[in-house]
A.B. asks: 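Next up is a structure, given as structure tokens.
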Amino acid sequence: ANGNRQARCVVATTSQKLAAKAFGITLHDYRAYGCETGNADEIITALASPGTVFWHPLDQSGKRIVWRTFSIATPL
């Protein structure tokens, strides 16, 4: 179990529809909860492998962020 932790997820795609598909959610949910980022670290990470979802837990205060890959079949 993930203990209901929050996570930050990023993916580089050419459309919101493709981003929603990568996350395994509806386009409606993506538009309700997703957004574009201006964070340089997130952009560099996502552009390193377009279409791959990267995530990290938000409870890493003060620690180096370690991005992990995510697939719909692998729970956070």
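In this text, all values refer to a predicted model and were calculated from it rather than measured experimentally.
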A.B. asks: Can you give me the closest heavy-atom contact between Val53 and Phe23, atom names plus distance?
C.D. replies: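 Looking at all heavy atoms of both residues, the closest pair is CG1-CE2, 3.4 Å.
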
A.B. asks: Measure across Tyr30 and Cys35 and return the closest heavy-atom pair with its distance rounded to 0.1 Å.
C.D. replies: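 Tyr30 and Cys35 have their closest heavy atoms at OH-O, 3.8 Å.
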
A.B. asks: With sequence neighbours excluded, give me every salt bridge (Lys or Arg N to Asp or Glu O under 4.0 Å) pair touching residues 42-51.
C.D. replies: Arg8-Glu42

A.B. asks: Return all side-chain donor-acceptor pairs below 3.5 angstrom for residues 11-20, not counting sequence neighbours, or 'none' if the list is empty.
C.D. replies:
from	atom 1	to	atom 2	distance (Å)
Thr13	OG1	Ser15	O	2.8
Ser15	OG	Leu18	N	3.1
Gln16	OE1	Arg31	NE	2.8

A.B. asks: Checking Asp41 now: which residues fulfil side chain to side chain donor-acceptor pair (under 3.5 Å) with it, not counting sequence neighbours?
C.D. replies: Trp67

